[in-house]
Amino acid sequence: MRKIQMVDLNGQYQGIKEEVNSSIQEILENTSFINGPKVHEFQKNLENYLNVKHVIPCANGTDALQIAMMGLGLKPGDEVITADFTFAATVEVIALLQLTPVLVDVYPDTFNIDIEAIKKAITPKTKAIVPVHLFGQSAQMEAIMEIANEHNLYVIEDNAQGIGANYTFSNGTKVKTGAIGHIASTSFFPSKNLGCYGDGGAIFTNDDDLAHTIRGIVNHGMYERYHHDVVGVNSRLDSIQAAVLNTKLPHLDAYNNARKQAAAKYDRAFKGQENIITPFRSGADDNHVFHQYTLKIKNVDRDALAKHLNDRGIPCGIYYPIPLHKQKAYMDERYNEADFTVTNQLVKEVISLPMHTELDDQQIEYITSTIINFINA
Ligand SMILES: *Cc1c(COP(=O)(O)O)cnc(C)c1O
């Protein structure tokens, strides 16, 4: 059996080696390292794929979130509602901009932001909601957009884990995640569903004025050379990363399908196991692209299971072990533990299994039987 990895980047590379190598070689030869034609080409291709009017590439997913918030003109003291159960980047940029993060609980089945909790958290100071399409499953965007419209709030989708997923509206319309809110961010970190070979990120929007504002912000606030109209940042996707992404983009649907197939095999193997709760699908099959395959473990010590797996050559991840509202940097006396019962429970139960495009049946069989034997021992 091949060595099991949490993410098999080399295995995936072997399948596209010639294409990727020649696209990188091209950049080396023409030395268009920054703002080269490949960046623009990738931007156009991603706009087409997502069916969104504007993609603005940038340096990473955290920058993308920060720049999105800067572009919306959010001001110190504005409240931004986001999920307690997510990667820290989401809340970090809110705090960095001196906005006030308002963390709320998530659903126990999808792990995505709880609609009732959002409603409860809205105050006259609330300016934006940041849903995260956690682990690759779209959040409940229809309800979120309704609340936002009703209260005149911006919706910033954190699509770092959800690229390629659809959201299906109740009338059956399908829209790609990241093309629904006022603005969205994504990350091309190597392990993400569309990953480059370094750091990368992008912002998406259908709003022409906002896109214009953001194109200046990513470039030192310049709209005309050496005229700095607003305070900006330096955040660029470099041409070598754009070349890698441009090569991988046509494979994204196949990559996401490979993930979904691996997820379906895990599901089948765990069927009937009372203490293993497999990932819940909230909507149509294409609403989940399995950035992570995350189980909930009941009545068994989750950390002991993780150690058992690691001892047997099976990597696994605890995403996330501590709720954001309990992190030193983000504690706030306004928070009430009773409002975070789901997140407080999830951090004890979740375990994410190896998930990537190259998992084979033998590996899945070894992983699932090792887990089942431990749980029933
Ligand atoms: C990865 C990730 C980010 C940050 O992306 P980077 O490119 O690493 O800065 C933000 N939000 C979520 C939910 C992520 O998973």
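Counting convention: from 1, in listed order, for ligands and their atoms alike. In this chain, residues are counted from 1 in sequence order.
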Polar proximity ligand 1 side, Asp63 side, N/O cut 3.5 Å exclusive: no
Students often mix this up, so state it plainly: with edges at 30° and 60°, are the rings of Phe135 and Tyr320 parallel, tilted or perpendicular? parallel
Of Thr294, Thr86, Val132, which is the lone residue that meets side chain to side chain contact (heavy atoms under 4.5 Å, CB included) with Phe111? Thr294
Validate the cation-pi geometry between Lys176 and Tyr49: distance from NZ or CZ to the six-membered ring centre under 6.0 Å, angle to the ring axis within 45°. yes
Provide the number and element of each atom of ligand 1 under 4.0 Å from a heavy atom of Asn60. 7 (O), 9 (O)
Donor-acceptor contact below 3.5 Å, side chain Ser235 vs main chain Ala59: yes
Once you round to the nearest 0.5 Å, how far does CG of Asn299 lie from CD of Glu274? 8.5 Å
Any idea which atoms of ligand 1 are less than 4.0 Å away from a heavy-atom of Ala160? 2 (C), 3 (C), 10 (C), 11 (N), 12 (C), 14 (C), 15 (O)
Quick one: does any side-chain atom of Asp84 pair with a main-chain N or O of His325 as donor and acceptor, under 3.5 Å? yes
Taking the minimum heavy-atom distance to atom 3 (C) of ligand 1, which of His133, Lys192, His291, Glu92 ranks first? Lys192
What about Thr86: any of its N or O atoms under 3.5 Å from an N or O on ligand 1? no
Go through ligand 1 atom by atom and flag the ones less than 4.0 Å from a non-hydrogen atom of Val132. 13 (C)
Would Leu65 count as a polar contact of ligand 1, with the cut-off being nitrogen or oxygen pairs under 3.5 Å? no
In the protein, what heavy atom is nearest to atom 15 (O) of ligand 1, and what distance, to one decimal place, separates them? Gln161 NE2, 2.8 Å
